[in-house]
Amino acid sequence: MQSIANAAQQAMTEGVFQIETLPDIILEVPPKKEFGDFATNFAMQSAKTAKMNPRKIAEAIIERMSEPWLEKTEIAGPGFINFYLKANIIYDQLAGIIAAGRDYGNLPKKNAAKIQVEYVSANPTGPLHVGHGRGAAAGSALVNLLRAAGYEVSSEYYINDAGNQIDNLAASVNARYLELFDQTVEFPENGYHGQDIIDTAKRIIKKDGELYLKMAETERLTIFKELALKEKLAALKEDLAAFNVNFDVWFSERSLHPDDVKTACQVLQENGNIYEKDGALWLKSTAYGDDKDRVVIRDNGIPTYLAADIAYHRNKFERGFDTLINIWGADHHGYICRVKAAIEAMGYKPDHLEVLLLQMVSLYRDGELVKMSKRTGQSVTLAELIEEVGTDAARFFFIMRSLDSQLDFDLDLAKSKSSENPVYYIQYAHARIRSIFRQAQEAGIAKANQPKLSLLTDESELALIKKMAAYGEEIEYAAQERAPHRIARYVHELASEFHSFYNRCRIMGVDQDLAQARLALVGAVANVICHALAMLGVSAPEKM
RNA sequence: GCGUCUGUAGCUCAGCUGGAUAGAGCAACGGCCUUCUAAGCCGUGGGUCCCGCGUUCGAAUCGCGGCAGUCGCACCA
């Protein structure tokens with residue numbers, strides 16, 4: 001890059017052309033291999049200010065470039081400069097990848113901001129469903145991705161263990177409990193209808209029988225609230241652990257009440273961003289771009305959900321995180337504006353909160369949409385999904401689409417153990433490599449310390465090396481874009497290059513030096529596949 | 001009505017930090033297993049990148065305006 005800048009600079013001092021400020025020089029890997037190993041559109045970028053034909057500029061630049069690693073350059077299309085690397089460069093790259101071993105793909109630590117990623121954070125009032133599953137898969141993959149890119153990341157689950165919905169949970173369990181003793185009770189209006197609530201009531205009876213029957217209702221509700229919460233939370237953690245999702249911090253909303261909520265309100269009150277109206281306290285969020293002002297303390301004195309969330313985000317910043325990433329379902333998008341408003345009102349930078357919205361998931365079975373209804377509790381749970389398609393397929397399917405896209409989840413495809421299924425396609429590549437190693441060992445092909453990598457000249461071999469060499473950039477860009485689906489795509493492409501190689505080149509039964517070089521190559525491929533799959537939370541089986 | 005996201009091959013989707021002939025998987029069609037896993041490979045066909053206008057040397061990509069779908073617009077969480 002620098003040598004392009006130097007050449008341009010030199011051309012200018014020689015008066016060939018004049019540019020006031022050099023544009024950023026962007027090197028990219030061209031879409032076709034006929035366009036060289038990398039290319040720049042620098043000449044076209046400069047064409048306007050230089051008032052000169054981009055091809056002429058390109059010519060002036062390449063005349064002034066001489067680098068030892070450069071095989072040749074050419075001008076193509078409207079003014080691209082294509083660079084061809086000397087062949088040995090690629091083998092140096094491969095040697096570097098092999099030397100890095102399983103660490104290849106872990107980028108140097110960044111000194112930049114500490115990032116906190118909060119995701120799932122489903123209410124502990126029932127089992128996780130498939131929508132939460134997408135959040136869980138994408139969130140955990142994003143955390144892994146950011147860490148690989150060198151960021152310091154803390155992952156967190158916000159437990160909504162305070163407020164109405166928990167009271168509704170207790171009331172629902174209460175109603176089921178009484179029903180099981182043949183009492184007629186009115187089911188709470190906003191109660192939870194799921195089977196799991198009945199199961200909870202049954203477990204309570206199994207353990208303590210009619211112990212709570214004669215209690216005062218309020219007392220019973222208090223006890224049931226704690227029992228149910230404990231049980232739901234444990235189930236949640238179990239489901240997530242089975243889905244390769246683990247959190248550094250489980251943050252209880254209750255811990256914010258009442259002190260943190262009070263402090264946050266005080267801060268806002270002192271800087272004049274809270275006012276009283278109709279007996280309630282309102283956040284002046286319209287001053288920060290929201291549609292309307294929002295109630296933080298209701299007229300009955302109870303804080304709203306927003307109040308707790310304001311305190312929570314303040315707490316996050318106070319803990320020293322510079323960047324907060326929240327992964328929310330798309331149905332919460334209307335909430336972003338008011339939280340950012342509150343953040344700004346408290347004196348933090350709203351840009352330091354990034355909310356990633358996750359679009360909805362639709363399940364398809366036999367080509368038919370699987371209907372879901374939250375109200376009646378009739379929805380496919382994450383546990384059922386894992387049961388049906390397995391963790392690997394479920395995670396990969398959730399991650400392979402961009403977060404912005406609604407996801408059509410084809411259950412039959414996810415289950416199929418065939419070439420149609422991208423998960424198996426990738427895992428199969430890994431298993432094949434492991435199998436090769438087992439057989440090579442039996443055949444007594446020793447692992448070379450200094451394999452003769454320059455023997456790798458087949459186009460499929462070169463393609464594999466180039467693909468692996470691009471892994472670092474891919475991680476960097478995917479992390480920057482918060483786009484874990486790029487890794488899913490990358491590893492699928494790498495697997496494809498491998499399968500192609502596998503059908504063209506043999507390892508056993510060729511010259512010993514070549515066999516050793518190829519073993520070293522596929523060993524590196526296996527490491528990269530492992531690394532990428534590990535980021536996605538998908539296993540890399542030894543055999544299939 | 002306001003806002004979010006989406007609209008690209010028959011289907012599901014990448015590509016969007018402006019660049020070369022717009023890609024992948026599935027589906028369709030035709031080939032490849034006496035040698036390391038055929039859960040694989042090779043090949044063929046397939047496009048109004050929703051529409052219009054604008055910015056630009058150059059637009060699937062950026063801006064504005066439409067159209068269609070989605071989700072949301074609480075003193076619920």
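In what follows, chains are A, B, ... by sequence order, proteins preceding strands, each numbered from 1.
- Residue A:Ala483 is the one, among A:Ala483 and A:Gly279, whose nearest nucleotide of RNA chain B lies closer to the 5' end (criterion: closest heavy atom).
- Looking at A:Asn82, its side chain comes within 3.5 Å of the base of B:A20 through a donor and an acceptor atom.
- Taking atom C1' on both nucleotides, B:G7 is separated from B:C13 by 12 Å, rounded to a whole Å.
- For A:Asp392 and A:Gln427, the side-chain atoms include at least one donor-acceptor pair closer than 3.5 Å.
- Between B:U12 and B:G18, the distance separating the two P atoms is 30 Å to the nearest Å.
- For the OP1/OP2 pair of B:C41 and a distance below 4.0 Å, the side-chain nitrogens and oxygens of A:Tyr425 include at least one atom meeting the criterion.
- Rounding to whole angstrom units, CD of residue A:Glu368 and P of B:C11 are separated by 17 Å.
- Using a 4.0 Å heavy-atom criterion, one finds that A:Asp278 contacts the bases of the nucleic acid, with or without backbone contacts as well.
- Ring geometry for A:Tyr158 versus A:Tyr312: interplanar angle under 30°, hence parallel rather than tilted (30 to 60°).
- Across the strands present, B:U48 finds no partner; the criterion is a Watson-Crick or G-U wobble pair with both atom distances under 3.5 angstrom.
- In the set B:U12, B:G40, B:C75, the nucleotide with an atom closest to the side chain of A:His499 is B:G40.
- With both ends at atom P, the span from B:G3 to B:C67 equals 13 Å, rounded to whole Å.
- For B:G25, its base never sits under 3.5 Å from the side chain of A:His492 at any donor and acceptor pair.
- Taking side-chain N and O atoms only, A:Arg486 has a distance below 4.0 Å to OP1 or OP2 of B:C16.
- Rounded to whole Å, atom P of B:A77 lies 8 Å from atom OH of A:Tyr335.
- At least one side-chain nitrogen or oxygen of A:Asn164 sits closer than 4.0 Å to the OP1 or OP2 atom of B:A77.
- The gap from the P atom of B:C62 to that of B:A24 amounts to 23 Å, rounded to the nearest Å.
- Taking atom C1' on both nucleotides, B:C5 is separated from B:C32 by 45 Å, rounded to a whole Å.
- Looking at heavy-atom distances under 4.0 Å, A:Asp408 makes contact with sugar-phosphate atoms alone, never a base.
- Residue-level contact check: A:His332 touches the bases, meaning some heavy atom is under 4.0 Å from a base atom.
- When distances are taken from the side chain of A:Gln165 to each of B:A77, B:G40, B:U37, the shortest belongs to B:A77.
- Ion pair A:Glu156/A:Lys316 not flagged as a salt bridge, since none of the NZ, NE, NH1 or NH2 atoms sits closer than 4.0 Å to an Asp/Glu carboxylate oxygen.
- Nucleotides B:U4 and B:G43, compared at atom P, are 44 Å apart to the nearest Å.
- Across all strands, A:Ser405 comes closer than 4.0 Å only to sugar-phosphate atoms, never to a base (heavy-atom distances).
- The side chain of A:Gln406 has B:G69 as its nearest neighbour among B:G23, B:C75, B:G69.
- The side chain of A:Gln439 contributes an N or O atom lying less than 4.0 Å from OP1 or OP2 of B:U37.
- Under the 4.0 Å criterion applied to side-chain N and carboxylate O atoms, A:Glu388 and A:Arg365 are assigned as salt-bridge partners.
- Taking every side-chain heavy atom of A:Ala280 into account, B:C75 is the closest of B:U35, B:A77, B:C75.
- Checked against the 6.0 Å centroid criterion, the rings of A:Phe409 and A:Tyr364 do not qualify as a close aromatic pair.
- Counting non-hydrogen atoms of neighbouring residues, nucleotides and ligands closer than 6.0 angstrom, the CD atom of A:Gln441 reaches no more than 12 such neighbours.
- Distance, A:Glu253 CD to B:A77 P: 8 Å, rounded to whole Å.
- Judged by closest nucleotide on RNA chain B, A:Arg401 is the one of A:Arg401 and A:Lys277 placed further toward the 5' end.
- In the set B:U37, B:A77, B:C73, B:U37 carries the atom at the smallest distance from any side-chain atom of A:Arg438.
- In this structure, the CG atom of A:Asn190 is 12 Å from the C1' atom of B:A74, given to the nearest Å.
- Within the 4.0 angstrom heavy-atom criterion, only backbone atoms of the sugar-phosphate kind lie near A:Ala330; the bases stay farther away.
- For the pair A:Arg432 and A:Tyr502, the cation sits on the ring face: its NZ or CZ lies under 6.0 Å from the ring centre, inside 45° of the axis.
- When the nucleotides B:A38, B:U4, B:C42 are ranked by their closest atom to the side chain of A:Leu357, B:U4 comes out on top.
- Counting to the nearest Å, the P atom of B:U4 and the CD1 atom of A:Ile336 are 10 Å from each other.
- The nucleotide whose nearest atom lies closest to any side-chain atom of A:Ile436 is, among B:C36, B:G72, B:C75, B:C36.
- The CZ atom of A:Phe396 sits 13 Å away from the C1' atom of B:U12 (whole-angstrom rounding).
- There is no side-chain donor-acceptor pair under 3.5 Å between A:Asn164 and A:Tyr305.
- Separating the CD1 atom of A:Ile81 from the P atom of B:A20 is a distance of 16 Å, rounded to the nearest angstrom.
- Across the protein-nucleic acid pair, A:Glu497 atom CD and B:C41 atom P stand 11 Å apart, rounded to whole Å.
- Of the candidate nucleotides B:C36, B:C5, B:G15, B:C36 has the atom nearest to the side chain of A:Met508.
- Residue-level contact check: A:Thr125 touches neither bases nor backbone, having no heavy atom under 4.0 Å from any strand.
- For the C1' atom pair drawn from B:U56 and B:U48, the interatomic distance equals 23 Å after rounding to whole Å.
- The closest side-chain donor-acceptor pair between A:Gln269 and A:Tyr275, if any, does not fall under 3.5 angstrom.
- If you check B:U37, B:C5, B:A14 against the side chain of A:Asp404, the one that comes closest is B:C5.
- A syn orientation is assigned to B:C33, its glycosidic angle lying within 90° of 0.
- Taking the side chain of A:Arg432 as heavy atoms from C-beta on, and the options B:U12, B:G40, B:C16, the nearest nucleotide is B:G40.
- Spacing of C1' atoms, B:G47 relative to B:U8, comes out at 8 Å, to the nearest Å.
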